Amino acid sequence: MSHSTIASHLDAQANHYLRKQLPGHRVIDVPPGQLSLEVATDVFILRPINVRGQRIDSPPVQWPWGLKWVQLVSSGIDLYPEWIFGGPPVTSGKGANAEQVAEFALALMFAAAKQLPSLWVKNADWRLTALAPLRGRTLGILGFGSIGQSLAHKAVALGMRVTALSRPGQPITQVRGVERANDLRQLFAQSDHLVLAAPLTRDTRGLIDRHVLNEARPGLHLINVARGGLIDQQALLEALDSGVIARASLDVTDPEPLPADHPLYHHPRVFLSPHTSAISDEGYPAFLEAFIANFHRYRERAPLTNLVDTARGY
């Protein structure tokens with residue numbers, strides 16, 4: 001190969017960085033959502049496609065146009081249509097935003113424990129409030145990939161007890177001080193804060209249902225930074241109304257955005273953010289470095305890392 005042409009949905013700053021780091025190769029700016037390519041291209045960096053009510057279930061004419069590799073920006077593959085995975089090899093952005101998402105989950109735990117922002121005073125009516133610690137509390141983590149591991153490191157350093165549940169066969173010994181939960185019931189029954197960091201697959205859709213929620217330790221704070229489809233949202237509302245779940249911090253919902261009149265917007269124990277935990281004001285540094293390393297493997301015809309396994313679902 002004399003040179004490669006990379007079509008990219010990334011922003012102009014990120015694409016400029018790729019040009020500087022990959023001299024001799026061409027990087028083409030493609031607006032997010034645009035799938036047609038006007039020049040011969042061998043690599044395509046794709047943002048999520050089926051988002052905000054949009055669905056593109058049929059491939060563009062003559063897809064995949066001679067592409068030899070498709071790089072997804074996100075770690076999850078559920079926001080991309082199936083036809084993406086029927087052509088050239090596809091790699092994900094797995095792990096690239098783990099630190100940002102883990103920090104966000106930790107911030108949500110601090111906000112709950114320290115009653116922020118409701119604690120701030122605006123007048124002379126000061127009322128002393130007993131605040132909860134994180135040290136000594138139990139954090140449950142469902143899904144022990146890059147996000148789960150990063151969060152576990154931070155929580156252990158804070159003196160939290162951490163228990164995790166991951167897919168069968170995946171070890172959790174990468175982080176010292178983390179215990180393995182026997183099952184989902186035990187994870188919910190033991191946790192004070194519980195973070196969902198698992199991928200959305202056929203097996204995990206709707207996994208957090210009434211039966212699981214009813215096993216929760218009283219006062220549980222449920223945090224979802226993964227995918228809204230993991231939770232039966234009607235069951236969650238019922239668990240919040242009954243007091244089984246004390247608080248739900250949701251960075252993701254199903255669908256996104258929720259309809260204007262959805263009860264999750266108005267429930268006093270629900271704290272919604274607009275799927276923003278992975279977005280950093282630093283841009284895409286970890287993603288770009290991982291892509292560049294993989295690009296050199298691609299050029300050398302070496303095996304790519306983070307290859308998507310559609311049977312597994314990520």
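The basis for the numbers below is simple: all heavy atoms, side chains too, and nothing from hydrogens, waters or symmetry mates. Small disclaimer: the values here were computed from a predicted structure and weren't measured.
Taking 4.5 Å as the limit, some side-chain heavy atom of I223 sits within range of a side-chain heavy atom of M109. Annotation: side chain of R205 is in contact with side chain of L200 (closest heavy-atom distance under 4.5 Å). Using a 4.5 Å cut-off on side-chain heavy atoms (C-beta onward), L22 and H296 make contact. For the pair I231/L222, a side-chain contact is recorded, criterion being any heavy-atom separation below 4.5 Å from C-beta on. The shortest side-chain heavy-atom distance between L46 and H9 falls under the 4.5 Å cut-off. Residues L10 and L288 are in side-chain contact: their nearest non-hydrogen atoms beyond the backbone lie under 4.5 Å apart. Residues D57 and N50 form a side-chain contact, since some pair of their non-hydrogen atoms from C-beta on lies under 4.5 Å apart. Two residues are said to be in side-chain contact when any heavy atoms from C-beta on lie closer than 4.5 Å; L142 and T204 fail this criterion.
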Original post:
Checking side chain to side chain contact (heavy atoms under 4.5 Å, CB included) for the pair L207/V212: CA distance, chi angles, key distance, verdict?
Top reply: CA-CA 8 Å; L207 182 65; V212 172; 5.7 Å; no
With side chain to side chain contact (heavy atoms under 4.5 Å, CB included) as the criterion, how do E238 and V244 come out once you've worked through the C-alpha distance, each side chain's angles and the decisive distance to 0.1 Å?
CA-CA 9 Å; E238 293 169 6; V244 171; over 6 Å; no
Inset, instruction - Evaluate the criterion side chain to side chain contact (heavy atoms under 4.5 Å, CB included) for residue pair V73 and F287; output intermediate values, then yes/no. - result: CA-CA 8 Å; V73 172; F287 174 85; 4.3 Å; yes
| said: Quick one, D183 with R185, criterion salt bridge (charged side-chain N to carboxylate O under 4.0 Å, His left out). Give me CA distance, side-chain angles, the key distance, then yes/no. | reply: CA-CA 5 Å; D183 52 33; R185 174 190 171 280; 5.3 Å; no
- Assess whether salt bridge (charged side-chain N to carboxylate O under 4.0 Å, His left out) is satisfied between R227 and E256, documenting all intermediate values. CA-CA 10 Å; R227 288 292 188 269; E256 293 181 0; over 6 Å; no
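A continuous path of hydrophobic side-chain contacts links L37 to L72 [ILVMFWY only; heavy atoms under 4.5 Å]. No chain of hydrophobic side-chain contacts below 4.5 Å, direct or via other Ile, Leu, Val, Met, Phe, Trp or Tyr residues, connects V252 to I279. Note on L108 and V270: separate hydrophobic clusters, where clusters join Ile, Leu, Val, Met, Phe, Trp and Tyr whose side-chain heavy atoms are under 4.5 Å apart, directly or indirectly. By the criterion of side-chain heavy atoms lying less than 4.5 angstrom apart, applied directly or through intervening Ile, Leu, Val, Met, Phe, Trp or Tyr residues, L184 is not grouped with V225; the two fall into different hydrophobic clusters. Two different hydrophobic clusters hold V101 and Y314 under the rule that ILVMFWY side chains link at heavy-atom gaps under 4.5 Å.
At distances below 3.5 Å, at least one donor-acceptor pair connects side-chain atoms of Q233 with backbone N or O atoms of D254. Remark: the backbone N or O of P32 is not paired with any side-chain donor or acceptor of R47 at under 3.5 angstrom. With W63 contributing its side chain and G87 its backbone, the two residues share no donor-acceptor pair below 3.5 Å. Not one N or O on the side chain of N15 forms a donor-acceptor pair closer than 3.5 Å with the backbone of L18. With Y17 contributing its side chain and Y284 its backbone, the two residues share no donor-acceptor pair below 3.5 Å. For Q71 (side chain) and V90 (main-chain N/O), no donor-acceptor pair under 3.5 Å exists by modelled atom type. A donor-acceptor contact shorter than 3.5 Å is absent between the side chain of H221 and the backbone of R247. Under the 3.5 Å distance criterion, the side-chain polar atoms of Q100 are left unmatched by any main-chain donor or acceptor of S277. Although no hydrogens or angles enter the test, the distance criterion places no donor-acceptor pair under 3.5 Å between the side chain of D78 and the main chain of T201. Formation of a donor-acceptor pair under 3.5 Å by the R137 side chain with backbone atoms of M160 is not found in this model.
Side-chain contact, E179 with T163: no donor N or O sits under 3.5 Å from an acceptor N or O. No side-chain N or O of D261 forms a donor-acceptor pair with one of H266 less than 3.5 Å apart. Inspection of the N294 and T305 side chains reveals an N or O donor paired with an N or O acceptor under 3.5 Å. Side chains of D251 and S273: a donor-acceptor N/O pair is present below 3.5 angstrom, by distance only.
Contact detail for H193 and A112: the closest heavy-atom pair is CE1-CB, 4.4 Å. Nearest heavy atom pair, residue A113 against residue L134, reads CB-CD2, 3.9 Å. In terms of heavy atoms, D209 sits closest to D232 at CA-CB, 4.1 Å. Here the closest heavy-atom approach between residue D125 and residue V121 is recorded as O-CG1, 4.5 Å. Closest non-hydrogen pair, V162 versus A155, comes out as CG2-CB, 3.7 Å. Closest approach of H3 to G24, counting heavy atoms only: CB-O, 3.1 Å.
Ring geometry, W69 versus Y298: the interplanar angle falls from 30° to 60°, so the pair is classed tilted. Taking the six-membered ring for Trp and thresholds of 30 and 60 degrees, F44 and W65 have ring planes inclined between 30 and 60 degrees apart. A perpendicular orientation is assigned to the rings of H262 and Y265, their planes being inclined by more than 60° (bins at 30° and 60°).
Rounding to the nearest 0.5 Å gives a distance of 5.0 Å between CG of L35 and CD1 of I56. Of the inter-residue distances, the one linking E289 atom CD with I292 atom CD1 reads 4.5 Å to the nearest 0.5 angstrom. Note that CD1 of I147 is 5.5 Å distant from OG of S75, once rounded to the nearest 0.5 Å. Distance CZ/R19 to NE2/H25: 14.0 Å, rounded to 0.5 Å. Between atom CG of residue L250 and atom CG of residue L264 there is a gap of 6.5 Å, rounded to the nearest 0.5 Å. Within the model, atoms CG of L304 and CZ of F291 stand 10.0 Å from one another, a figure rounded to the nearest 0.5 Å.
Crowding of R297 atom CZ: a count of heavy atoms from other residues, nucleotides or ligands under 6.0 Å exceeding 12. Residue E38 qualifies as open at atom CD: its count of foreign heavy atoms under 6.0 Å is 12 or below.
Exactly one of L240, N214, L194 qualifies for a side-chain contact (heavy atoms from CB on, under 4.5 Å) with I245. That residue is L240.
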